[in-house]
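Only one structure is covered here, and it is reproduced in the block below.
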Amino acid sequence: MSLALERLAGELAGAAGAAVELERPSDPKHGDFATNVALRLAPERRRTPRELATELKDAAERIAGVERVEVAGPGFLNLFLEPSWYGEALAEMLVAGRDFGAGSREHPERVQVELVSANPTGPLTVGSGRNAAYGDSLARLLSFAGNEVEREYYVNDCGTQIDLFRASVEARQRGEEPPEGGYLGDYVFEIARDEGDPVRSMIESIGQTLERFRVQIDNWALQSEMEKRLPALLEKLDTYTADGALYIRSTALEDEKDRVLVRSPERGGTPTYEAADLAYLADKLERGFERAIYVLGADHHGVREWFRVAARLLGDEPDKVEVILYQLVHILEGGRTKKMSKRRGDIVLLDELIELIGLDAARWYLVSRGPDQTIELDIELAAEHSQKNPVYYVQYAHARISSILAKAGELEAGADPPSELSEEEKGLLKRLIEFPGLVAEATARRAPQAIPTYAIRLADDFHRFYHHRRVIGSSAQGFRLGLCQATRSTIARCLDLIGVEAPERM
RNA sequence: GCGCCUGUAGCUCAGCGGAAGAGCGGCGGCCUUCUAAGCCGCGGGUCGGGGGUUCGAAUCCCUCCAGGCGCGCCA
């Protein structure tokens, strides 16, 4: 909540003797802000909600900045506020500047966000793009909320698929077809032309794509490194041998099944993914992360419980592990779902999507859907609609404000409100006041998609304000310039949180 | 069979206990004034069906229907 709103809620809470939540009614006739506190308190106070609301109304009307209060409907309190209250709210925003809405934590949490972690057997697909857009935005939110955040990419640089990938590249180098089940994509030819290690160059190329997508990976963790820890780790775990394979007794901690950690000799005697998972998690926890967030596609949902069990197997808290699943991206072609396969090379790449619709539109598009929603991406439709992407609507608002502020030059911006506020000014300010609460909620709910939604509303409120109210040369010039400044930095912040540029000109 | 996710406007989707929304598409208006990538108006919805909890349910619970994804000594 913004400070002004927090103060108002606090004073109301004092009057009510209970916590008060203020929300912005969608209909302006229902006040500038409203609370349901009387509705919630009525049962325990053994009063009717309207009685209680009527009592609170008198107390509320004595609060500074409150113009009048109405009791409405079943017992809502609708508050109408004075311009001076809005002036204070704006003043706080101007003082906060770029940090408006930032969280502060006395003890910041050390959080690791593990994201993408796609096998380095091919370039990143749009599915990985969704992971990157989501994971990176979540990391930005967590950091803005005042935590210490690190982004990590876990590289599966060994194992069956990697062997197949190398074999495929080598086959191409000899001018042969890849082996049975090998990688058939065109990029294999390109990798085959290089001298160096194909896996290494694939990792580099993935890193370049991510950088282009404005995702900065702080650390790359190698599966091969993690597996070196296994012998020592296995000794400490409760394991047994069956059919020649080494199992961990994870059912003792309510896992759905005991997991194989090392395959039987007939199957190569190699460690499984689960074994590497354990070693990797042990490594994360030793590095002192208080929270390890895994961003995984829904096709991995079977491992969600496993990671929590893994924490317990290592003698640590399962709550330190947080698995976020996002649903898959389906590619539609001619209205039908296309089956993608990285091995067949039958995929839509993140680089291709960026090329097709633009970087900002791609990031916006991929993060604006909630993670629980399957994305049906019609690539032709996306190309057709790319110029109409809402991202440009928001960026346009930012550019417009920049233009006004540039023209205003040295003219003074302030927060002294005019004697009466127009609906457009009030609407815009109320939207800005929502921002800190919105950010806090989006962070807590791990819901970065709330940011683009809010940004559209904010841009909407600004465009309306712009159209109806002249800034430079008006009698409320200083106040309106202040409003412009606060709006611009908030839009810029929103765009930054989802990795999108905030242009000065368009 | 079991588990997870989804079903909201013609299309793509937000909203996830407090008074139904956006973008795109359709129709009609608005540029001698700080960017028309904009603004204003119109049309458009049994929030998958049915029960329940609640003063109040798109939102929580149960159930049914439809779709997606999983359930390997695969990765």
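Since the model is a prediction, treat every value here as computed from it, not as a measurement. Labels below follow one simple rule: chain letters A, B, ... track the order of the sequence lines, proteins then strands, and each chain is numbered from 1. Because only heavy atoms are used, hydrogens play no part in the values below, and waters and symmetry mates are left out as well, while side chains stay in.
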- A:P74 has its side chain closest, among B:A75, B:G18, B:C69, to B:G18

- Message: Nearest to the side chain of A:D299, heavy atoms from C-beta on, is which of B:A75, B:C69, B:G38?
- Response: B:C69

- Item | A:Q373, nearest nucleotide to its side chain (from B:C69, B:G7, B:A75) | B:G7

- Query: Who does B:G45 pair with, Watson-Crick or G-U, both distances under 3.5 Å?
  - Reply: none

- Watson-Crick or G-U wobble partner of B:A19, both distances under 3.5 Å: none

- For B:A58 and B:G7, measure between their C1' atoms and round to the nearest Å. 11 Å

- Item | Separation between the C1' atoms of B:G44 and B:G25, rounded to whole Å | 12 Å

- Task: Measure from the side chain of A:I456, starting at C-beta and using heavy atoms only, and say which of B:C24, B:A14, B:A22 lies closest.
- Result: B:A22

- Message: Between A:I404 and A:Y392, which residue's closest nucleotide on RNA chain B lies nearer the 5′ terminus?
- Response: A:I404

- Message: For A:F462, does the six-membered ring have the charged nitrogen or CZ of A:R400 within the cation-pi criterion, i.e. under 6.0 angstrom from the centroid and within 45° of the normal?
- Response: no

- Selection from B:C39, B:A75, B:G70 that lies nearest to any side-chain heavy atom of A:H301: B:G70

- Message: With a 4.0 Å limit, can you tell me whether A:S403 has a side-chain N or O closer than that to the phosphate oxygens OP1/OP2 of B:C34?
- Response: no

- Message: Using a 4.0 Å heavy-atom cut-off, does A:Q161 contact any base of the nucleic acid, only the sugar-phosphate backbone, or nothing at all?
- Response: sugar-phosphate

- Message: Is A:K388 close enough to B:G25 that one of its side-chain N or O atoms is under 4.0 Å from OP1 or OP2 there?
- Response: yes

- Between B:A36 and A:Y466, is there an OP1 or OP2 to side-chain N/O distance shorter than 4.0 Å? yes

- Side-chain N,O (A:R445) to OP1/OP2 (B:G15) below 4.0 Å: yes

- Message: Side chains of A:S489 and A:R493, heavy atoms from C-beta outward: is any pair under 4.5 Å?
- Response: no

- Message: Rounding to an integer number of Å, can you tell me how far A:E376 CD sits from B:G67 P?
- Response: 14 Å

- Looking across every strand, which nucleic acid part, if any, lies under 4.0 Å from A:R480 by heavy atom: base, sugar-phosphate, or nothing? nothing

- Task: Check whether any side-chain nitrogen or oxygen of A:R464 sits under 4.0 Å from OP1 or OP2 of B:C40, and answer yes or no.
- Result: yes

- Note on the structure: Applying the 3.5 Å cut-off to both distances, the Watson-Crick or G-U partner of B:C73 turns out to be none

- Message: Would you say that A:I433 contacts A:F33 through its side chain, given a criterion of any heavy-atom pair below 4.5 Å between the two side chains?
- Response: yes

- With syn defined as a glycosidic angle within 90° of 0 and anti as everything else, classify B:C31. syn

- B:C30 versus B:A36 - spacing of their P atoms, nearest Å: 16 Å

- Task: Return the value, rounded to whole Å, for the distance between atom CD of A:Q327 and atom P of B:G70.
- Result: 10 Å

- Roughly how many Å is it from OH in A:Y454 to P in B:C13, rounded to a whole number? 25 Å

- Message: When the P atoms of B:C13 and B:A9 are compared, how many Å lie between them, rounded to an integer?
- Response: 11 Å

- Task: State which of B:U12, B:G38, B:G7 makes the closest approach to the side chain of A:R369.
- Result: B:U12

- Task: Please tell me which of the listed nucleotides, B:C71, B:C69, B:C34, lies nearest to the side chain of A:V471?
- Result: B:C34

- Using atom CZ of A:R400 as one end and atom P of B:A37 as the other, report the distance to the nearest whole Å. 8 Å

- Task: Please name the pair of heavy atoms, one in A:P49 and one in A:A38, separated by the smallest distance, quoted to 0.1 Å.
- Result: O-CB, 3.5 Å

- Query: Below 3.5 Å, does any donor atom in the side chain of A:N78 face an acceptor in the base of B:A19, or the other way round?
  - Reply: yes

- Message: Below the 4.0 Å mark, does B:A37 have OP1 or OP2 next to a side-chain nitrogen or oxygen of A:Q395?
- Response: no

- Task: Determine the contact category for A:E305: base if any of its heavy atoms lies under 4.0 Å from a base atom, sugar-phosphate if only primed atoms, P, OP1 or OP2 are that close, otherwise nothing.
- Result: nothing

- With heavy atoms under 4.0 Å as the rule, sort A:A298 into base, sugar-phosphate or nothing. sugar-phosphate

- Message: Under 3.5 Å, is there any donor-acceptor pair linking the side chain of A:S264 to the base of B:C73?
- Response: yes

- Task: Describe the nucleic acid contact of A:N36 in one word from base, sugar-phosphate, nothing, applying a heavy-atom distance below 4.0 Å.
- Result: base

- Query: Contact class for A:G370 vs. all strands (heavy atom < 4.0 Å): base, sugar-phosphate, or nothing?
  - Reply: sugar-phosphate

- Message: Closer than 4.0 angstrom, basic N to acidic O: yes or no for A:R464 and A:D461?
- Response: yes

- Query: Using the C1' atom in both, what is the distance from B:G15 to B:G21, to the nearest Å?
  - Reply: 7 Å

- For A:E266, answer base if it contacts any base atom (sugar-phosphate contacts may also be present), sugar-phosphate if it contacts only those atoms, and nothing otherwise; contact means non-hydrogen atoms under 4.0 Å. nothing

- Item | Protein-nucleotide distance (A:D378, atom CG; B:C11, atom P), rounded to Å | 14 Å

- What distance, rounded to whole Å, do you find between the two C1' atoms, one in B:G67 and one in B:A22? 25 Å

- Query: Do A:R200 and A:D157 meet the salt-bridge criterion of a basic N to acidic O distance under 4.0 Å?
  - Reply: no

- Query: Atom CG of A:D460 and atom P of B:C40: how far apart are they, to the nearest Å?
  - Reply: 7 Å

- Item | Atom P, compared across B:U12 and B:A19: separation rounded to whole Å | 27 Å

- The residue, A:I375 or A:Y247, whose nearest nucleotide of RNA chain B is more 5′ is A:I375

- Query: Using the rule for Phe, Tyr, His and the six-membered ring of Trp, do A:H30 and B:A19 stack at under 5.5 Å and under 30°?
  - Reply: yes

- Message: Taking the C1' atom in each of B:C47 and B:C60, what is the distance between them to the nearest angstrom?
- Response: 16 Å

- Task: Answer yes or no: does atom CD of A:E44 have more than 12 heavy-atom neighbours from other residues, nucleotides or ligands under 6.0 Å?
- Result: yes

- Give one of base, sugar-phosphate or nothing for A:Y393, where a contact means two heavy atoms less than 4.0 Å apart. sugar-phosphate

- Message: For B:C39, give the paired nucleotide (Watson-Crick: N1-N3 plus N6-O4 or O6-N4; G-U: N1-O2 and O6-N3; both under 3.5 Å), or none.
- Response: B:G29

- Query: Below 4.0 angstrom, N of the basic side chain to O of the carboxylate: do A:R312 and A:E254 qualify?
  - Reply: yes

- Query: Closest to the A:Q449 side chain: B:G72, B:C55, B:G15?
  - Reply: B:G15

- Message: Regarding A:I472, tell me which of base, sugar-phosphate or nothing describes its non-hydrogen contacts under 4.0 Å with the strands shown.
- Response: base

- Does the ring of A:Y280 carry A:K284 above it, NZ/CZ under 6.0 angstrom from centre and within 45° of its axis? yes

- Message: Counting only side-chain nitrogens and oxygens, does A:Q387 get under 4.0 Å of the OP1 or OP2 atom of B:C24?
- Response: no

- Query: Which one is paired to B:A66, where only Watson-Crick or G-U wobble pairs with both distances under 3.5 angstrom count?
  - Reply: B:U6

- Task: Rounded off to whole Å, could you give me the OH-to-C1' distance for the A:Y294 and B:C4 pair?
- Result: 19 Å

- Distance, rounded to the nearest Å, where A:L328 contributes CG and B:C5 contributes P: 14 Å

- Query: Are A:R24 and A:E434 close enough, and set up right, to give a salt bridge (Lys or Arg N to Asp or Glu O under 4.0 Å), and what steps lead you there?
  - Reply: CA-CA 8 Å; A:R24 180 183 173 178; A:E434 279 176 34; 3.2 Å; yes

- Task: Using only side-chain N and O atoms of A:R263, determine if any of them is under 4.0 Å from OP1 or OP2 of B:G72.
- Result: no

- Query: Reckon A:E424 touches a base, only the sugar-phosphate, or nothing at all at heavy-atom distances under 4.0 Å?
  - Reply: nothing

